[in-house]
Amino acid sequence: MAVIDKLTSQQAIALEHQYGSNTYHSLPVVLSKGKGVYVWDVDGKKYYDFLSAYSAVNQGHCHPKIIEALTKQAQTLTLTSRAFYNDMLGRFEKFVCDYFGFEKMLPMNSGAEAVETALKICRKWGYEVKGIKRDEAKIVVCNKNFHGRTTTIVSFSNDEKATKSFGPYTDGFINIDYNDLDALEAVLKRNPNIAGFLVEPIQGEAGVYVPSEGYLAKAKALCESYHVLFIADEVQTGIGRTGKRLAVDHENVKPDILILGKALSGGVYPVSAALANNTVMEVMTPGTHGSTFGGNPLAAAVAIAALKVVQDENLAANAETLGQLFRNELNDYIKTSNIVTLVRGKGLLNAIVINDTEDSDTAWNICLALRDNGLLAKPTHGNVIRFAPPLVMTKSQLMDCVGIITKTLQAFEK
Ligand SMILES: *Cc1c(COP(=O)(O)O)cnc(C)c1O
């Protein structure tokens, strides 16, 4: 079978439309190279990446230290399955546990798998430790959540596109409003069969919704008092993105189960994990869960290198500083803007809200114009544009990007 050699953008897009399942509404740009904060399209045009593959590429594209770990391990041993031990997994587990302050981890591949893993651990803990009656366990989740795309996870999504025609849905979830402690307390008080509360420290896909200060700490305290596991999905917010190691660190909260993915590998390879302490993780025993690729030696080598980069290059601190600067600059612009109503976020996970209806195509058109001006970003929900560059960005690069963004927005002012 012939593989097509050199492609124009149009050809590449046409191939995906013809032969791919069309599950994404991608911005029309075809990338063929990445380095640090930059990506290049097939014609050699250079862009700032302001999405970072949904915060998977926090360490920048093709970080040399991570690529070195990948190529070295790829030539040595890639996959053993868990039928046997390998000499990398234990190192990876110890490194991650020390890094995030947990006693145990369970390695997976995609973020959704790690969320599924956390839900299974939580239910098993609910039955075997908390003593909930068989098949009665409930897990509380938030409205407008995004936790991935499996059948169980979409069962508690409010996004009609994500859920419609995929029923019957998995039972056992209770939705409450995000950032609503009264709703959380009410549901915990009412229902003795609740095993866990699953929450994003910032709702990324929903449009970078930052909860009120103190929300996470108080939600965690409520969970403790009702003997319910606090499960933090930090797949998007973790690993330096919001200006701390984890987003929960802003409120000194220690989750009972921590879910990581995306930047755990610096975007080099799918690596995810659920972390917990012994009293929780020990409910999992041989045969209760697994994955052929989960915790493979290649993933282990890549993830260790990716986490070291975040530490060695102080990426969380850089995200904090640059994030403040970014929001200050955008707030300055917004003072006289008709097209942008606000900027919100933490660290380098930010979004602007466009002054138009949710079903308008203004945000999309702004993203097309940003692309033409050399910066790639995407709308999240309708009129919100997320800005999440790699954390290896410098101050002068960020100011360059602020210039591109404000110049582009100016053309849309009425
Ligand atoms: C992206 C994401 C997931 C799912 O990760 P995949 O690797 O796409 O399965 C889960 N939770 C959150 C908060 C995410 O942003």
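Every number for a ligand or one of its atoms is a count from 1 in the order of the listing. Computed from a predicted structure; not experimentally measured.
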Please tabulate, one line per pair, the protein N or O atoms found under 3.5 Å from any N or O atom of ligand 1, giving the distance to one decimal.
unit_1	atom_1	unit_2	atom_2	d
ligand 1	7 (O)	Gly111	N	2.8
ligand 1	9 (O)	Gly111	N	3.3
ligand 1	9 (O)	Ala112	N	2.8
ligand 1	11 (N)	Asp233	OD1	3.4
ligand 1	11 (N)	Asp233	OD2	2.7
ligand 1	15 (O)	Gln236	NE2	2.8
ligand 1	15 (O)	Lys262	NZ	2.7

Listed partners of Asp249 passing salt bridge (charged side-chain N to carboxylate O under 4.0 Å, His left out), at least two apart: Arg245
Short side-chain to backbone donor-acceptor contact, Ser26 and Pro28, under 3.5 Å: no
Modelled atom types, side-chain donor and acceptor of Glu358 and Asn383, under 3.5 Å: no
Glu205: which of Lys378, Arg149, Lys144, Arg386 passes salt bridge (Lys or Arg N to Asp or Glu O under 4.0 Å): Arg386
Ring pair (Phe, Tyr, Trp, His ring centres under 6.0 Å) contacts touching residues 249-308 (sequence neighbours left out): none
Set of salt bridge (charged side-chain N to carboxylate O under 4.0 Å, His left out) partners for Glu313, sequence neighbours left out: none
